[in-house]
2 protein chains.
Amino acid sequence: MEAITIKDIARALNLSTSTVSRALRGSYEISPETKRLVMEYAERMEYRPNPIALSLKANRSKVLGVVVPQIANHFFSQAINGIEAIAYNRGYHVIIMQSHENYEREAIAVQQAVSRKVDGLLLSLSSQTVDVSHLQTLHDKQFPMVLFDRVAPSLNVPKITADNYEGAFAATEHLIRTGRRRIAHISIPAHVSITQERLAGYRDALQKHGLPYDETLVRHMGLGQHEMAPVVRELLGQSPPPDAFFTASDRLALGCMEALRLLGVRIPEQVALVGFTNVTVAHLLAPALTTIEQPAIEIGQLAAERLIDLIERPQHKTTTGVQKLPTRLVVRASTGSVTVAE
Amino acid sequence: MEAITIKDIARALNLSTSTVSRALRGSYEISPETKRLVMEYAERMEYRPNPIALSLKANRSKVLGVVVPQIANHFFSQAINGIEAIAYNRGYHVIIMQSHENYEREAIAVQQAVSRKVDGLLLSLSSQTVDVSHLQTLHDKQFPMVLFDRVAPSLNVPKITADNYEGAFAATEHLIRTGRRRIAHISIPAHVSITQERLAGYRDALQKHGLPYDETLVRHMGLGQHEMAPVVRELLGQSPPPDAFFTASDRLALGCMEALRLLGVRIPEQVALVGFTNVTVAHLLAPALTTIEQPAIEIGQLAAERLIDLIERPQHKTTTGVQKLPTRLVVRASTGSVTVAE
DNA sequence: TTGTAAGCGTTATCAG
DNA sequence: CTGATAACGCTTACAA
């Protein structure tokens with residue numbers, strides 16, 4: 001794998017490296033004849049500039065670091081798709097790292113990405129992350145970063161999320177409109193940004209329709225926690241029992257569905273189920289599950305765009321607020337028909 | 001983000017850069033006193049060696065390139081997990097690229113990875129890829145590469161796959177043992193390596209049990225093709241109709257399941273369904289689906305280990321044959337109980 | 001024990 | 001229009 005360098009070309013053509021370099025980048029101060037010669041030779045020898053040398057020179061790597069809780073998750077893998085699409089279009093590569101929902105691993109990943117000289121960072125926080133001082137420090141040094149999905153309000157950087165509030169509001173309202181009155185809400189750890197927003201949407205929808213907010217109907221599950229049956233059973237043991245479940249994530253929706261099946265509870269006859277999700281197989285489970293679909297790809301794309309703007313035009317102040325993308329409520333009827341609302 | 005360099009340390013301590021360099025790497029020829037001084041200062045200033053400079057010097061990047069058909073797929077995202085775990089343990093980073101099941105994009109991804117100076121390549125071929133000359137060329141130049149899952153027999157490099165033959169054999173035999181006689185097989189494009197192996201396992205199991213191999217029961221679906229209902233309907237239209245479906249992938253299993261549901265066919269009363277899959281929600285769909293589970297993580301780990309061995313000890317001939325990892329047949333009964341066979 | 005200098009591949013500056 | 005040289009951050013002969 002001995003690659004050909006600019007030096008080899010220079011030697012072969014009896015030119016200096018600087019001439020070759022200029023010819024290759026089409027500099028106006030090189031004679032057409034020389035240019036042609038160099039170009040042709042380079043082409044023939046399949047010359048490729050060494051990106052490492054370029055990085056060293058320019059002090060940038062054209063690489064974006066992406067840190068997500070986990071790859072094996074539909075939301076994140078789709079978001080990464082969006083990120084990659086934009087990145088490659090704009091000449092960047094992407095290094096993906098996982099925090100595995102662990103604060104220390106997140107900090108290490110960030111640290112590694114930085115020391116690997118990524119030009120910027122796209123982050124979705126681990127569910128454990130409360131303290132963001134490691135990111136604050138980086139931001140204080142003007143290091144370009146964009147948060148997406150799981151964001152930290154205290155960090156003054158661009159943030160891209162789904163409109164979790166609206167999504168939760170619409171879902172809850174949908175349940176109310178279809179006659180549900182006691183809606184249980186199962187969510188992820190309370191301190192994660194999206195949890196708060198979804199909870200608020202749920203509360204406000206209840207309030208709008210004159211229903212009480214009952215804390216005993218709300219549960220927070222750890223993300224590593226897989227056993228949903230006890231929680232669901234306990235909720236169903238209340239009197240009166242809930243007539244609907246609103247779950248705040250993929251896994252929760254599926255876990256809840258499984259628990260209900262094990263308990264012999266029919267969906268949607270006995271209880272309705274609606275969940276945030278990005279599982280493409282959701283439609284298979286119809287008519288059981290109404291879904292709030294997040295624009296994962298678009299979130300990734302937008303986040304990548306923001307980050308590259310930040311990198312390439314540091315002076316040009318980008319908005320640092322939260323940008324929210326609409327979700328879609330997909331309602332499945334027993335007939336298999338589908339209704340979509342933005 | 002002005003990072004501190006070895007030069008800064010040298011200047012601050014009135015030493016030469018070489019002394020600092022040696023001190024930092026604990027060279028024996030540096031006085032303990034100087035070492036301590038340098039170490040402490042470096043520590044205090046949070047000095048981190050510039051990996052780009054190191055790469056340029058050493059002509060290696062400590063980065064592995066991974067090219068997969070797509071990330072948003074349970075098998076691949078799990079395999080990537082395995083790859084990352086090993087890579088990070090051994091001091092490598094991972095750049096992930098997607099071919100999107102497209103030959104040209106695969107070639108471009110490989111090309112880009114190489115020109116980005118990855119130290120080696122982990123590849124799972126796109127379903128379109130028939131011609132592997134771009135990889136052959138690379139291999140001829142001694143470029144380290146390992147194939148996994150979708151491999152090319154003609155390439156003389158290490159290959160890691162699930163034992164697709166055994167998995168298909170066991171699945172088919174399971175169907176036969178539970179009384180099925182006309183087993184339809186729905187698979188992906190015929191030229192993909194895993195298709196061949198799975199088909200062979202299917203055939204041999206039929207033969208072992210004295211059942212005829214009926215070509216009209218075998219279908220190949222394009223990977224982009226989503227409409228399974230027509231295919232399933234047509235198969236069911238035969239007389240006698242199939243009493244079981246054996247599907248060769250995740251998407252096919254789920255697509256088949258959906259098609260059967262739409263057609264009002266009950267699983268497993270009317271037809272049994274068994275499929276290769278890596279969807280973690282499969283158990284939700286129980287008791288409908290028996291699965292052949294692939295050791296995705298282990299495949300990734302093993303592939304990464306092979307590759308790093310290849311990179312670090314090029315002379316030490318690694319085996320270039322196919323290494324097959326066992327699959328697990330997971331049978332779900334209507335009661336929710338689960339039987340596992342290796 | 002420490003310093004000097006060359007080199008990894010490229011580009012920018014300054015001379016011719 | 002072209003060439004020599006320095007520089008990016010680091011390591012490593014070779015000197016001292």
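The basis for the numbers below is simple: all heavy atoms, side chains too, and nothing from hydrogens, waters or symmetry mates. The sequence lines fix the lettering, A, B, ..., with proteins before strands; numbering per chain opens at 1.
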Winner on side-chain proximity to A/P32, out of D/dT2, D/dC1, D/dC10, is D/dC1

Hey, is the side chain of A/Y28 poking within less than 4.0 Å of OP1 or OP2 on D/dT2, counting only N and O atoms?
-> no

For B/L15 and C/dT1, give me the distance from atom CG to atom C1', rounded to whole Å.
-> 11 Å

From the list C/dG3, C/dT11, D/dT11, which nucleotide is the closest neighbour of the side chain of A/R25?
-> C/dT11

Under 4.0 Å: is that the gap between some side-chain N or O of A/T17 and OP1 or OP2 of C/dG9?
-> no

Of B/N14 and A/R48, the one whose nearest nucleotide on DNA chain C sits closer to the 5' end is B/N14

So, do B/S124 and B/V67 sit near enough that their side-chain heavy atoms are less than 4.5 Å apart?
-> no

Length of the line joining A/I52:CD1 and D/dA7:P, which is rounded to integer Å | 23 Å

Establish, from distance only, whether the side-chain atoms of B/S21 and B/S18 form a donor-acceptor pair under 3.5 Å.
-> no

Below 4.0 Å: OP1/OP2 of D/dG3 and any side-chain N or O of A/S16 | yes

With distance as the sole criterion, do the side chain of B/R22 and the base of C/dG3 form a donor-acceptor contact below 3.5 Å?
-> yes

Between A/Q136 and A/D140, do the side chains contain an N or O donor and an N or O acceptor separated by less than 3.5 Å?
-> yes

Euclidean distance, atom CG of residue A/L24 to atom P of C/dG9 [Å, nearest integer] | 15 Å

May I have the distance from A/L54 (atom CG) to C/dT10 (atom C1'), rounded to whole angstrom?
-> 6 Å

Nearest-Å distance, CG (A/N59) to P (C/dT11)?
-> 16 Å

Base, sugar-phosphate alone, or nothing: which one does B/T34 contact when heavy atoms must sit under 4.0 Å apart?
-> sugar-phosphate

Scan B/S18 against the nucleic acid and name what it touches under 4.0 Å (heavy atoms): base, sugar-phosphate only, or nothing.
-> base

Calculate the interatomic distance between A/K57 atom NZ and C/dT11 atom P; express it in whole Å.
-> 9 Å

Interatomic distance, B/M45 CE vs D/dG9 P [rounded to whole Å] | 15 Å

With side-chain contact (heavy atoms from CB on, under 4.5 Å) as the test, would you mind laying out the steps for B/L125 and B/V151 before giving the verdict?
-> CA-CA 6 Å; B/L125 301 181; B/V151 304; 5.8 Å; no

Send over the distance from A/R11 CZ to C/dT10 P, rounded to a whole Å.
-> 12 Å

Between the two end axes of the helix from C/dT1-D/dA16 to C/dG16-D/dC1, each built from 5 base pairs, what angle do you get to the nearest 10°?
-> 60°

Just checking, is any N or O donor in the side chain of B/Q128 or B/E101 under 3.5 Å from an acceptor N or O on the other one?
-> no

Below 4.0 angstrom from OP1 or OP2 of D/dC8, is there any side-chain N or O of B/K7?
-> yes

Side chains of A/H100 and A/E106: do they bring a donor and an acceptor to under 3.5 Å?
-> no

Is there a side-chain polar atom (N or O) of A/S21 under 4.0 Å from OP1 or OP2 of C/dT11?
-> yes

Taking atom types as modelled, find out whether B/Q98 and A/N81 have a side-chain donor-acceptor pair closer than 3.5 angstrom.
-> yes

What is the nucleic acid contact for A/L56, judged by heavy atoms within less than 4.0 Å: base, sugar-phosphate only, or nothing?
-> base

Should the pair B/H74 and A/H74 be assigned to parallel (<30°), tilted (30 to 60°) or perpendicular (>60°) ring geometry?
-> tilted

